[in-house]
Amino acid sequence: MSKPSAIIHVGFNKCGSTAIQAWLSEQRMALTAQGIVHLHTDPRTDVICSNPQMATVAHALGGTAPPDRPMNAVLGTQDRAGQDRVARDFQAQIAARAQSGDMGTFLASCEYLSFAGMTERDMAGLHGWLSSLFQRVRYVVYIRQPEPWLVSLHGHAARLGASSETLDQFAARMPRVPFAEILKRWVRAVGAEALRVRLFYEAWLSGDGLIPDFARTIGASDAAGPAERALYNTSFAPQRAGGPQVRESGTAPRPRLGAEARARVRAVNGPGLAWIGDTFFAANRGWFDRWAEGPA
């Protein structure tokens with residue numbers, strides 16, 4: 001019996017990760033019928049997430065301590081013993097499914113794999129474990145243009161009351177987006193050939209282009225169905241009870257950086273974007289450059 005394969009969605013925040021995870025939750029049965037198995041393993045019921053234990057396994061195998069937040073709040077891993085327990089339980093669960101012979105592809109999604117505290121050693125440990133179970137392991141990552149990513153992140157912080165800065169002040173304090181830095185770690189840990197970097201388009205915020213793109217990337221047919229909900233976005237919507245809010249087109253105009261701030265953001269992020277283009281889009285560099293320089 002041949003081993004199944006695995007696809008891991010490494011979800012950068014503000015890059016459609018919640019929408020992807022909502023779709024995966026909605027379409028689990030349809031995906032299973034195609035041999036793509038997604039297990040929703042987040043113990044929480046008031047949020048949309050998927051597999052936070054993936055990060056716990058990475059930290060345990062890499063020998064790093066569990067971060068103060070968010071993992072201890074999500075999984076109760078307040079010390080190394082708790083981290084290792086959660087990791088062992090999750091590893092046993094996934095190993096049993098991988099060896100059951102009832103799937104062609106295991107599909108997981110975890111935003112915490114893109115956090116700054118994820119080291120190369122953590123990534124390599126996770127990849128080594130997955131490679132022992134699956135014939136092929138691939139990682140899917142969506143990245144976003146720097147300016148709209150910063151605008152969205154600032155809006156999220158403002159909504160939560162975590163920042164009273166203006167958008168330009170926020171961008172002046174932290175103009176660099178994390179995509180290149182984190183992707184370089186993943187390349188050193190697992191190799192560029194294992195990574196599939198996808199480009200997030202701002203037009204998707206008023207449509208459902210992200211979900212069809214993700215479905216094609218993981219090899220799901222149209223039988224899996226479209227997204228049943230609009231893209232989730234909490235950045236410029238008022239907080240309400242009941243979980244993430246649907247961003248309604250036209251109801252929350254997105255602010256823009258001033259000319260000076262925009263120029264600084266582009267200059268600071270230029271080298272990182274150039275590395276991404278050279279590493280992942282060498283055969284389509286013109287297309288990538290148009291995306292990188294496109295309207296925010």
Side-chain angles (χ1 to χ4, degrees), residues 5-17 19-20 36 54 58 105 107-111 113-116 118-128 130-131 134-153 175-205 207 209-220 262-296:
S5 62
I7 299 174
I8 311 301
H9 170 231
V10 178
F12 279 109
N13 64 341
K14 317 314 297 179
C15 292
S17 298
I20 287 173
I36 301 173
M54 294 293 293
T105 301
L107 176 59
S109 177
C110 182
E111 289 179 79
L113 293 175
S114 70
F115 279 23
M118 189 64 55
T119 69
E120 289 176 41
R121 187 170 177 176
D122 298 336
M123 297 167 180
L126 178 68
H127 185 65
L130 290 170
S131 298
F134 300 102
Q135 183 174 359
R136 182 186 182 193
V137 184
R138 292 170 289 164
Y139 302 87
V140 176
V141 182
Y142 281 87
I143 63 171
R144 197 170 177 183
Q145 294 169 359
E147 181 177 345
W149 185 84
L150 286 167
V151 169
S152 187
L153 190 66
R176 192 182 307 279
V177 300
F179 307 135
E181 176 187 351
I182 302 300
L183 285 172
K184 285 178 181 179
R185 294 181 201 170
W186 277 103
V187 167
R188 290 190 292 263
V190 308
E193 66 280 356
L195 292 165
R196 184 78 180 274
V197 177
R198 306 296 297 167
L199 305 180
F200 185 96
Y201 286 88
E202 296 305 299
W204 289 349
L205 292 173
L210 171 66
I211 299 306
D213 186 86
F214 182 72
R216 288 191 298 270
T217 301
I218 65 173
R262 182 179 299 114
R264 173 173 169 75
V265 167
R266 291 197 174 194
V268 167
N269 290 287
L273 287 176
W275 176 84
I276 292 173
D278 290 341
T279 305
F280 299 104
F281 298 93
N284 298 286
R285 188 56 190 269
W287 171 53
F288 174 83
D289 289 343
R290 287 191 295 273
W291 172 84
E293 291 294 330

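These numbers were taken from a predicted model, which means no experiment stands behind them.
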Among residues two or more places apart or on two chains, list those pairs meeting salt bridge (charged side-chain N to carboxylate O under 4.0 Å, His left out) that have a residue in residues 273-289. D278-R285, R285-D289
With no hydrogens and no angle check, is any side-chain donor or acceptor of N13 less than 3.5 Å from a backbone partner on E111? no
State, with a plain yes or no, whether a side-chain heavy atom of T105 is found less than 4.5 Å away from one of I218. no
Roughly how far, to the nearest 0.5 Å, is CZ of R266 from CD of E147? 6.5 Å
Who are the side chain to side chain contact (heavy atoms under 4.5 Å, CB included) partners of T119, not counting sequence neighbours? T64, R121, D122
Smallest separation among heavy atoms of P271 and A267, with atom names: CD-O, 3.5 Å
Let me confirm one number: the CG-CZ distance from L113 to R185, rounded to the nearest 0.5 Å. 12.5 Å
Kindly give the heavy-atom pair with the smallest separation between A189 and A124, and that separation in Å. CB-N, 3.8 Å
Just verifying a value: how many Å separate I211 CD1 and R216 CZ, rounded to the nearest 0.5 Å? 11.0 Å
Donor-acceptor contact present, side-chain R144 to main-chain K14, <3.5 Å: yes
Look at the aromatic rings of W204 and F200 and report parallel, tilted or perpendicular, splitting at 30° and 60°. perpendicular
A side-chain contact here means heavy atoms from C-beta on lying under 4.5 Å apart; do I143 and W291 qualify? yes
With side chains defined as the heavy atoms from C-beta onward, is the minimum distance between V140 and V10 less than 4.5 Å? no
To the closest 0.5 Å, what do you measure between CG (L205) and OG (S152)? 7.5 Å
Contact between T279 and L195 at the side-chain level, heavy atoms closer than 4.5 Å - yes or no? no
side-chain contact (heavy atoms from CB on, under 4.5 Å) test vs F179 passes for just one of C15, S114, P146, namely C15
Do the side chain of S5 and the main chain of Q135 share a donor and acceptor less than 3.5 angstrom apart? no
I would like to know whether F280 and V141 meet side-chain contact (heavy atoms from CB on, under 4.5 Å); could you show each step before the answer? CA-CA 11 Å; F280 299 104; V141 182; over 6 Å; no
Criterion side-chain contact (heavy atoms from CB on, under 4.5 Å) on M54 and L130, from CA distance to verdict: CA-CA 10 Å; M54 294 293 293; L130 290 170; 4.2 Å; yes
Least distance between heavy atoms, A292 atom then L273 atom: CB-CD1, 4.3 Å
Identified side-chain hydrogen bond (donor to acceptor under 3.5 Å, both in side chains) counterpart of Y139 within the set H9, R196, H127: H127
CH2/W186 to CE/M123 distance, rounded to the nearest 0.5 angstrom? 5.5 Å
Is the count of non-hydrogen atoms from other residues, nucleotides or ligands lying under 6.0 Å from R176 atom CZ greater than 12? no
Please determine, by modelled atom types, if Y142 and D213 share a side-chain donor-acceptor pair under 3.5 angstrom. yes
What distance separates I276 CD1 from K184 NZ, expressed to the nearest 0.5 Å? 8.5 Å
Any non-hydrogen side-chain atom of V177 less than 4.5 Å from a side-chain atom of F12? no
